[in-house]
Amino acid sequence: MSRTEASLRPQKGTLVKRHKLSTRLWHWASAAIIVVMLMSGLMIFNAHPRLYWGIDGANTDPAWLEIGASIGATGEKGYFRLGQTELTTTGVLGLSAGPRDSIAKRAFPQWATLPGEEDLAKARRWHLSFAWLLATGTLLFGIWSIANGHVRRDLLPHKSELRPGHICGQIKQHASFHLPQGLEARSYNTLQKLVYLGVSGLLIPALILSGLTMSPWINAVVPWLVDVFGGRQSARSIHFIAAFLIVLFVIVHLVMVVVAGPVNEIRSMITGWFRLPEERRK
Amino acid sequence: MKKPVTRRKLLLGLGLATPALILGGIGLAGKKGAGDALLGSGEWLSLQARQRVGRKALAREYRREDISAVFRPNGSTQPKTPQWVEDAGTGFETWQLQVGGKVKIPRAFSLAELRALPARTQITRHDCVEGWSCIGQWTGVPLATVLGTVGLQSDARYIVFHCADKFGAWMYYESIDLIDAFHPQTILAYEMNGAALPVRHGAPCRLRVERQLGYKHAKFVMQIEAASSLSQFGDGKGGFWEDLSDYAWYAGI
């Protein structure tokens with residue numbers, strides 16, 4: 001049987017066309033861009049590792065999140081503070097390995113930032129150059145995916161999928177790593193639809209828009225945008241939280257790829273062809 | 001059987017091309033030239049966008065009750081250059097702002113002369129490149145008024161601000177283009193929150209260029225110079241932090 005026939009009448013174990021070219025291109029491009037944005041973003045955060053709510057905020061104002069170094073009972077320590085809760089994070093956050101065996105006072109460690117050394121100017125160059133790629137790519141992929149039916153056919157959940165009972169069932173299935181098999185695996189399940197739609201339709205746009213409000217020039221051109229996020233420092237906090245949610249998404253995403261069969265999953269995102277998993281014996 | 005394989009190879013190639021391009025770009029970044037071009041592209045694109053969108057857009061102005069209780073002073077807070085120290089000793093009565101370079105009639109302004117010009121008061125948010133923000137009220141003379149008094153020569157493209165503060169061996173300086181120089185909110189401020197500009201914030205006179213980040217707002221301004229190019233100043237990148245650490249010259253983003 002040729003592949004064309006297989007995709008018309010899919011059976012378990014056969015190859016089906018799963019991902020469109022545009023989806024595959026943007027998947028890998030955005031993956032690389034997001035790594036650059038995250039790591040350079042952490043370096044920018046290091047320049048002032050405190051987050052505030054409201055319009056303004058600086059060192060004398062209360063921070064709802066802070067990473068720093070202080071003198072503890074047993075010498076210097078790194079800390080992570082969320083509201084009133086403080087965790088000692090020496091070695092990773094606040095205080096970590098610096099160049100040539102030194103100990104550096106820095107919020108995020110060398111291995112997590114781009115560039116590795118303390119260099120706000122270079123981190124901003126990485127961040128603000130790749131931001132253009134992320135923004136134009138997201139816009140083009142969004143328009144293209146609406147136009148070619150990707151959003152309507154593959155991502156928007158059917159009404160019946162949104163019943164609480166159905167969603168609860170899916171969460172239980174995922175939590176016990178019982179992923180859809182056979183024909184069912186051909187299209188996204190409800191959780192995948194909601195997460196992919198949420199990440200590409202809400203989270204990434206929120207990151208781009210809150211990032212734009214960091215710009216005094218953009219603030220002058222579209223003053224209402226920063227108000228939507230509750231002021232400049234709130235926007236900075238939301239930008240950080242959204243980036244944190246992206247990290248969570250990537251971790252869960254990678255775990256699910258491994259659980260679902262990494263070779264088949266990665267091949268399908270490169271070539272587009274996906275082998276339907278065999279039905280599991282009960 | 002042959003056709004799908006060819007197409008598959010094509011798709012595989014395309015699927016791999018994009019990340020390869022990006023990773024290649026990152027690899028090139030290690031090399032001088034190509035890397036500078038890649039990492040300079042963001043600033044260039046932003047500046048191109050600013051030339052076209054919102055050239056005259058005004059920065060948000062806030063209410064008196066929004067003014068920050070503490071406005072964090074940053075950078076130099078106490079210049080030590082002899083002329084400034086001498087001027088400070090007289091309460092800045094001997095202080096003079098030199099305006100020259102590519103202007104028609106170079107001249108100097110005393111603080112009293114600047115104060116005699118029509119003033120503008122604005123309550124704006126100051127965003128540091130590091131990420132923090134403070135709100136303050138600034139009163140001063142629009143730079144456009146001062147530049148109008150001396151008149152620019154036709155080949156003037158930039159306005160350079162020479163300051164009294166030194167970082168190590170380097171004198172602080174900054175520069176802006178004519179779009180920002182003639183923007184109504186770009187002022188030479190001599191008052192902050194209704195009182196004379198404090199020393200830690202740049203007494204007796206500092207630049208406010210409200211649509212750019214903090215390091216562009218030169219403090220302790222002694223001399224203003226109109227220029228056709230920035231290459232003759234410092235290392236030629238247009239400002240102290242630009243020369244020292246490769247900060248973006250256009251800091252509107």
* Asked: More than 12 foreign heavy atoms under 6.0 Å from CZ of Phe167(B): is that the case here?
  -> yes

* Please flag which part of Leu58(B) lies under 4.5 Å from any non-hydrogen atom of chain A: side chain, backbone, both or neither. => backbone

* Side chain from CB out, backbone as N, CA, C, O: work out which of these in Gln185(B) comes under 4.5 Å of a heavy atom of chain A, or both, or neither. => neither

* To do: For residues Trp132(B) and Asp61(A), determine if any side-chain heavy atom of one lies less than 4.5 Å from a side-chain heavy atom of the other.
  => no

* **Among Gly54(A), Gly211(A), Ala47(A), residue most engaged with chain B (heavy-atom pairs, under 4.5 Å)** => Ala47(A)

* To do: Over all heavy atoms of both residues, which pair between Ile253(B) and Ser215(A) is shortest? Give the atoms and the distance, please.
  => CG1-CB, 3.5 Å

* **Flag side-chain contact, heavy atom, 4.5 Å: Ser46(B) against Trp132(A)** => yes

* To do: Please answer whether the main-chain N or O of Gly131(B) pairs with a side-chain N or O of Gln233(A) as donor and acceptor at a distance below 3.5 Å.
  => yes

* Asked: Short question: side chain of Arg125(B), backbone of Pro216(A) - any donor-acceptor pair under 3.5 Å?
  -> no

* Do any N or O atoms from the side chain of Ser133(B) and from the backbone of Asp56(A) form a donor-acceptor pair under 3.5 angstrom? -> no

* Minimum heavy-atom distance between Ala58(A) and Cys134(B), given as atom pair plus value -> CB-SG, 3.8 Å

* Taking all atoms of both residues into account, what is the closest heavy-atom pair of Arg236(A) and Glu130(B), and its distance? -> NH2-O, 3.9 Å

* If you draw a 6.0 Å radius around CH2 in Trp53(A), do more than 12 non-hydrogen atoms from other residues or ligands fall strictly inside? -> yes

* Asked: For Trp126(A) and Leu38(B), which heavy atoms make the closest approach, and how far apart are they?
  -> CZ3-CD2, 4.4 Å

* To do: Give the minimum heavy-atom separation between Ser129(A) and Gly42(B), together with the two atoms involved.
  => OG-N, 2.9 Å

* **Arg50(B) portion near chain A, given a 4.5 angstrom heavy-atom threshold** => both

* To do: Taking the side chain as every heavy atom from C-beta outward, state whether Ile55(A) and Arg60(B) have any atom pair closer than 4.5 Å.
  => no

* To do: Without swapping roles, check the side chain of Trp241(B) against the backbone of Ala121(A) for a donor-acceptor pair under 3.5 Å.
  => no

* To do: Return yes when atom NZ of Lys20(A) has more than 12 non-hydrogen atoms of other residues, nucleotides or ligands closer than 6.0 Å, and no otherwise.
  => yes

* Ala49(B) versus chain A, the contacting section by heavy-atom distance below 4.5 Å -> both

* Structure fact -> Closest non-hydrogen atoms of Arg125(A) and Ala248(B), given as atom of the first, atom of the second and distance, are NH2-CA, 3.6 Å

* Against chain B, work out which of Gly57(A), Ala31(A), Pro223(A) has the most heavy-atom pairs shorter than 4.5 Å and name it. => Gly57(A)

* **Part of Phe71(B) lying under 4.5 Å from any heavy atom of chain A** => neither

* Measuring heavy-atom distances to chain B, does Leu128(A) have an atom under 4.5 Å in its side chain, in its backbone, in both, or in neither? -> both

